[in-house]
Participant: 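Before we start, here is the structure in question, set down as structure tokens.
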Amino acid sequence: MKKYIQSIFADLSEELSYLKNTDLIFMVPKTNEHGDISTNIAMLLAKELKKKPKQIAEEIISKIKYDNSAICKIEIAGPGFINFFFSNSYITYILKEIITKGNDFGKSDKNAGRKANVEFVSANPTGPLTVGHGRNAVLGDTIATLLENIGYEVEREYYFNNAGRQMRVLGDSVRLRYFQILGDQIEFPEDYYQGKYISDIAEKLFRQHGDKLRGEDPEGIFKSAAELEIFNDIKNTLSRLNIGMKNYFNENSLYTDGKIKSVLEEFKAKGLSYEKENAVWFKLTELGAGQDKVIVKSTGEPTYRLPDIAYHKDKFERGYDLIVDIFGSDHNATYPDVLAGCKALGYDKAKIKVLIHQFVTIMDKGEVVKMSTRKANFITLDELIDDVGNDVVRYFFNMRSMTSHLNFDLDLAKKHSDENPVFYLQYAHARIASILRMTSEQNLNYSLENLNMLSSEPEQNLLKKLYQFEEEIMLAAENFEPNRITNYLEELAASFHRFYAECRVIGSETRLAEARIALITATQIIIKNGLTLLKVSAPEKM
RNA sequence: GCGCCCGUAGCUCAACAGGAUAGAGCAUCAGCCUUCUAAGCUGAGGGUUAGUGGUUCGAAUCCACUCGGGCGUACCA
């Protein structure tokens, strides 16, 4: 519909030339009195044209040509808004679209043929996923789904590093626990991994091998067993949330494939690196950053920047049209270096979209829980799923904008009470399912013949919400904002519940009942499609 | 010190690219089930949008500064 209004304005701009070079902004007004779509164009032009906004608006309205079957009224209001009112035949059209397209309604092929890579989670296999990773995982997966919904072919990717100091400490942590099981009196260092899962892995090794591993190297079987166990655990947790990765990208492959080396050589050839104090420095100052950074330590080991740049180079070479990285706010200082590196290598960094989400604050019994993988005072994502179920976990992590901190109150999430918006939505869906079960028993079906009978306020509000769906999910995808979906769905469900309280389906006069069945059928489809994007279930009964 | 993010009702959060009277949920209070699921609905109270100044027809939104909170700021990842 917005497209249609844009097109009639485009036609009009042939006649009113001042419309040509301005951005037309259309929005959905908050109240029904202000119509279905509104534009502030007259006010924006007032200064430039040295005319009063209302005069401009009048001129636009008097000259604009539109189709009566789509728009029934255009009026000027307030300081100069132009408000458009949709006609009933448009409403009929959109309901019909929703009902006939069903599960496919809302899908768009706008980006058909384009490929996207979404990298998320990317936790190293040093411990189970925590609630903190949960937000990253759910946001990443939902963004991937949203991109698929607008036509992208999406690859979900998990980047990990199973080498380095962290992993050595992990292997040695298991080894020491193993010795403890054998009865050795060993002091377990404070900066080693304290979690119980370490002892579990050691226990398992003991059951399989007895005391035969005494002489093994910490980086041998201890490390590899730990990595295997932990990775299986992580994958299992992700699959409980319906998250499946297409690629697991091992940082180590960047070394074995010579990609790190080739980036180093390229930097050197371009004069973007130099040696100082036995280390290799990346000339970031030349690229506009504040200071140069080390990319290869004096020990010969690269810092994280180098593999990160090589990794992104690899992604570019794989030919994606869009590369999305999802990080927690603790990475906010590192990605500019990576982007600068990509740009220096000649890649279009506009293809990379870095999304930084703020941390999850866990509240338990009214207190903030500080978490650290190393010390074992974390709540695992698995425990959270056990407590509240995957629907609630997925919904809660999608509920807030990425830029704000997410306050996860465990007591509240565990409650399963009506404070929980997930149930509010699911209840709306189930209520509709229930009505439709009963109407079908009575052989009552939807009809699009008399939709103009849907004239009461709750019905009008519900209709209005329905035809906003397509635009909402488009905006959610293009702006990478999953929380728009949850906000929208809550408003939609509220509109439905209000309708339910005031308007009866069964027992109304047949033509009205048929129209209302069309309305709630469409509502049910939209709720289901919205929840499906979030991978939250839409039950027929509760 | 510097960089990024945040500050909106008692609490948790919305508010589309600057738009019309700043909205929901929870909590509090008062109502609504002989009719489609009360996990619901209706109403009331609750706000100087942290503060100060600026930009303009118009600011929670943009700019500057101040205050407060989070995360960073390594030859850790």
Side-chain angles (χ1 to χ4, degrees), chain A residues 23 25-31 33-34 38-40 43-44 46-47 52-53 77-81 83 124 126 161 164-166 251 276-281 290-291 293-305 307-308 328-336 356-359 361 363 399-409 412 416-428 430-439 458 468 471-472 475-476 479 481 483-484 486-488 490-491 493-494 496-508 513 516 520 541-542:
Chain A
D23 283 338
I25 297 169
F26 295 100
M27 33 174 236
V28 178
K30 282 177 199 155
T31 68
E33 294 152 44
H34 299 144
S38 159
T39 181
N40 59 354
M43 286 176 288
L44 294 180
K47 198 172 193 181
K52 289 190 175 154
F81 291 101
N83 298 332
N124 288 336
T126 59
N161 176 12
R165 201 179 61 87
Q166 266 189 67
E251 178 184 322
K276 192 176 86 179
E277 294 158 0
N278 280 327
V280 181
W281 294 70
Q291 62 192 77
K293 298 276 175 67
V294 169
I295 46 175
V296 181
K297 298 188 248 180
S298 53
T299 58
E301 264 181 295
T303 66
Y304 66 90
R305 276 181 205 88
D308 273 7
S329 65
D330 53 338
H331 281 71
N332 79 64
T334 75
Y335 74 91
I356 304 280
H357 64 86
Q358 297 300 309
F359 276 11
T361 309
M363 303 288 289
M399 209 163 54
R400 304 294 179 225
S401 71
M402 262 185 257
T403 52
S404 28
H405 293 259
L406 191 148
N407 215 314
F408 208 114
D409 187 330
L412 200 125
H416 270 256
S417 74
D418 57 347
E419 290 168 46
N420 208 321
V422 184
F423 298 125
Y424 186 76
L425 290 178
Q426 293 181 326
Y427 184 51
R431 260 186 163 174
I432 295 172
S434 169
I435 299 170
L436 294 178
R437 276 194 298 273
M438 300 182 85
T439 52
Q468 284 164 19
E471 197 190 343
E472 273 314 315
L475 284 169
N479 297 320
E481 290 177 332
N483 68 304
R484 297 187 72 106
T486 58
N487 289 335
Y488 167 80
E490 283 169 43
E491 286 170 16
F496 168 72
H497 285 308
R498 251 170 254 139
F499 160 85
Y500 180 88
E502 283 191 45
C503 306
R504 297 193 53 79
V505 176
I506 295 165
S508 292
R516 285 179 172 170
I520 65 170
K541 275 184 188 173
M542 284 177 82

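Every chain is numbered from 1 and lettered A, B, ... according to where its sequence line falls, protein lines coming before strand lines.
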Participant: Is the base of B:A20 touched by the side chain of A:T31 through a donor-acceptor pair closer than 3.5 angstrom?
Facilitator: no
Participant: Mind checking salt bridge (Lys or Arg N to Asp or Glu O under 4.0 Å) for A:E490 and listing every partner two or more places apart, or none if nothing turns up?
Facilitator: none
Participant: Using the C1' atom as the reference point in each nucleotide, state the distance between B:U21 and B:A60 in Å, no decimals.
Facilitator: 15 Å
Participant: Does the aromatic ring of A:H331 sit over the six-membered base ring of B:G72, closer than 5.5 Å centre to centre and tilted less than 30°?
Facilitator: no
Participant: Where is the tightest heavy-atom contact between A:S329 and A:N332, given as atom of each residue plus distance?
Facilitator: O-ND2, 2.8 Å
Participant: Need one value for A:T334: base, sugar-phosphate or nothing, where a base atom within 4.0 Å counts as base even if backbone is also close, heavy atoms only.
Facilitator: base
Participant: For A:M43, report the nucleic acid contact type (base, sugar-phosphate, nothing); a contact means any heavy atom under 4.0 Å.
Facilitator: base
Participant: What's A:H497 touching, base or sugar-phosphate or nothing? Going by heavy atoms closer than 4.0 Å.
Facilitator: sugar-phosphate
Participant: Among residues at least two apart in sequence or on other chains, which ones pass side-chain hydrogen bond (donor to acceptor under 3.5 Å, both in side chains) with A:S434?
Facilitator: none
Participant: Counting only N and O atoms by type, is there a donor-acceptor contact under 3.5 Å from the side chain of A:R400 to the main-chain atoms of A:H405?
Facilitator: no
Participant: Below the 4.0 Å mark, does B:A20 have OP1 or OP2 next to a side-chain nitrogen or oxygen of A:K30?
Facilitator: yes
Participant: Please classify the nucleic acid contact of A:R504 as base, sugar-phosphate, or nothing, using heavy-atom distances under 4.0 Å.
Facilitator: base
Participant: For a side-chain hydrogen bond (donor to acceptor under 3.5 Å, both in side chains) check, start with the C-alpha distance between A:N407 and A:T361, then their side-chain angles and the critical distance, and finish with the verdict.
Facilitator: CA-CA 5 Å; A:N407 215 314; A:T361 309; 5.4 Å; no
Participant: Identify the pairs formed between an N or O of the protein and an N or O of nucleotides 6-8 of chain B at a distance under 3.5 Å, and give each distance.
Facilitator:
none

Participant: Could you tell me how far apart A:R400 (CZ) and B:C5 (P) are, to the nearest whole angstrom?
Facilitator: 21 Å
Participant: Less than 4.5 Å apart, side chain to side chain, heavy atoms only: is that true for A:D330 and A:F359?
Facilitator: yes
Participant: Distance check: side-chain N/O of A:R431 vs OP1/OP2 of B:G40, anything under 4.0 Å?
Facilitator: no
Participant: Please confirm whether the backbone N or O of A:I25 pairs with a side-chain atom of A:T39, one donor and one acceptor, at under 3.5 Å?
Facilitator: yes
Participant: Taking the same atom, C1', in B:C32 and in B:G51, what whole-Å distance lies between them?
Facilitator: 44 Å
Participant: So do the side chains of A:R431 and A:Y500 get within less than 4.5 Å of each other, counting heavy atoms only?
Facilitator: yes
Participant: Expressed in angstrom and rounded to an integer, what is the separation of A:Y500 atom OH from B:C32 atom P?
Facilitator: 18 Å
Participant: If you check every side-chain atom of A:S298, which of B:C41, B:C75, B:G19 has the closest atom?
Facilitator: B:C75
Participant: Taking all atoms of both residues into account, what is the closest heavy-atom pair of A:F499 and A:P458, and its distance?
Facilitator: CA-CB, 3.8 Å
Participant: Could you say whether A:Y304 or A:K541 is positioned toward the 5' end of RNA chain B, judged by the nucleotide with the nearest heavy atom to each?
Facilitator: A:K541
Participant: Can you tell me the distance, in whole Å, between the CD atom of A:E472 and the C1' atom of B:A15?
Facilitator: 11 Å
Participant: Out of B:A14, B:A17, B:A77, which nucleotide sits closest to the side chain of A:S401?
Facilitator: B:A14
Participant: Counting distance alone, no hydrogens or angles: does the base of B:C5 have a donor or acceptor under 3.5 Å from a partner atom on the side chain of A:N332?
Facilitator: no
Participant: As a test of your reading of the structure, name each stem of RNA chain B as range with range, where a stem is three or more consecutive Watson-Crick or G-U pairs at under 3.5 Å.
Facilitator: B:1-7 with B:67-73, B:10-13 with B:23-26, B:28-32 with B:40-44, B:50-54 with B:62-66
Participant: For the side chain of A:S329, starting at C-beta, report the closest nucleotide among B:C71, B:U37, B:C36.
Facilitator: B:C71
Participant: Ignoring the backbone of A:N83, work out which of B:U73, B:C41, B:A20 is nearest its side chain.
Facilitator: B:A20
Participant: Taking the side chain of A:Y427 as its heavy atoms from C-beta onward, which of B:A39, B:U12, B:C41 lies nearest to it?
Facilitator: B:A39
Participant: From the set B:G19, B:C36, B:A15, return the single nucleotide nearest to any side-chain atom of A:M27.
Facilitator: B:G19
Participant: Identify whether any heavy atom of A:N278 sits under 4.0 Å from a base atom; if not, whether one sits that close to sugar-phosphate; answer base, sugar-phosphate or nothing.
Facilitator: nothing
Participant: Would you check if A:F81 stacks with the base of B:G19, given a 5.5 Å centroid limit and a 30° plane limit, both strict?
Facilitator: no
Participant: Rounded off to whole Å, could you give me the CD-to-P distance for the A:E33 and B:A20 pair?
Facilitator: 13 Å
Participant: Please report the distance separating the P of B:A27 from the corresponding atom of B:C67, rounded so that it comes out in whole Å.
Facilitator: 39 Å
Participant: Could you check how far CD of A:E490 sits from P of B:U12, rounded to whole Å?
Facilitator: 17 Å
Participant: Taking atom C1' in both B:A39 and B:U52, compute the distance separating them and give it to the nearest angstrom.
Facilitator: 47 Å
Participant: Under the rule for salt bridge (Lys or Arg N to Asp or Glu O under 4.0 Å), what residues qualify as partners of A:E301, not counting sequence neighbours?
Facilitator: none
Participant: The criterion is salt bridge (Lys or Arg N to Asp or Glu O under 4.0 Å); which residues satisfy it with A:R305, sequence neighbours excluded?
Facilitator: A:D337
Participant: Decide yes or no on side-chain hydrogen bond (donor to acceptor under 3.5 Å, both in side chains) for A:T31 and A:H34, but give the supporting numbers first.
Facilitator: CA-CA 6 Å; A:T31 68; A:H34 299 144; 3.1 Å; yes
Participant: Using atom CG of A:N487 as one end and atom P of B:C13 as the other, report the distance to the nearest whole Å.
Facilitator: 13 Å
Participant: Say you pick atom P in B:C65 and the same atom in B:G3; how far apart are they, in whole Å?
Facilitator: 9 Å
Participant: Mark yes or no for a side-chain to base donor-acceptor pair under 3.5 Å between A:Q166 and B:C76, with no hydrogen or angle criteria applied.
Facilitator: no
Participant: Under 4.0 angstrom, heavy atoms only, what part of the nucleic acid is A:N124 near: base, sugar-phosphate, or nothing?
Facilitator: sugar-phosphate
Participant: Kindly say if A:K297 contacts the phosphate of B:A77, meaning a side-chain N or O under 4.0 Å from OP1 or OP2.
Facilitator: yes
Participant: With a 3.5 Å cut-off and just heavy-atom distances, do the side chain of A:N40 and the base of B:G19 make a donor-acceptor pair?
Facilitator: yes
Participant: With heavy atoms under 4.0 Å as the rule, sort A:A430 into base, sugar-phosphate or nothing.
Facilitator: base
Participant: Please compare A:A77 and A:A279 by the position of their nearest nucleotide in RNA chain B and report the one closer to 5'.
Facilitator: A:A77
Participant: Determine: side-chain N/O of A:Y488 to OP1/OP2 of B:A15, distance under 4.0 Å, yes or no.
Facilitator: no
Participant: Respond yes when some side-chain nitrogen or oxygen of A:S434 is under 4.0 Å from OP1 or OP2 of B:C36, and no when none is.
Facilitator: no
Participant: Output the rounded distance in Å from CG (A:D330) to P (B:C76).
Facilitator: 17 Å
Participant: Provide the distance between the two C1' atoms, one in B:C16 and one in B:G69, to the nearest whole Å.
Facilitator: 27 Å
Participant: Could you tell me how far B:G10 sits from B:A50 if I compare only their P atoms? Round to whole Å.
Facilitator: 13 Å
Participant: Roughly how many Å is it from CZ in A:F499 to P in B:C36, rounded to a whole number?
Facilitator: 14 Å
Participant: Base, sugar-phosphate or nothing for A:V296? Non-hydrogen atoms, less than 4.0 Å.
Facilitator: nothing
Participant: Specify the closest pair of heavy atoms between A:S298 and A:E277, including all atoms of both residues, with the distance to one decimal.
Facilitator: CB-O, 3.9 Å
Participant: What's the gap between B:G47 and B:C11 when it is taken at their C1' atoms, as a whole Å value?
Facilitator: 15 Å
Participant: Would you check if the side chain of A:T303 reaches a backbone N or O of A:V294 as a donor-acceptor pair within less than 3.5 Å?
Facilitator: yes
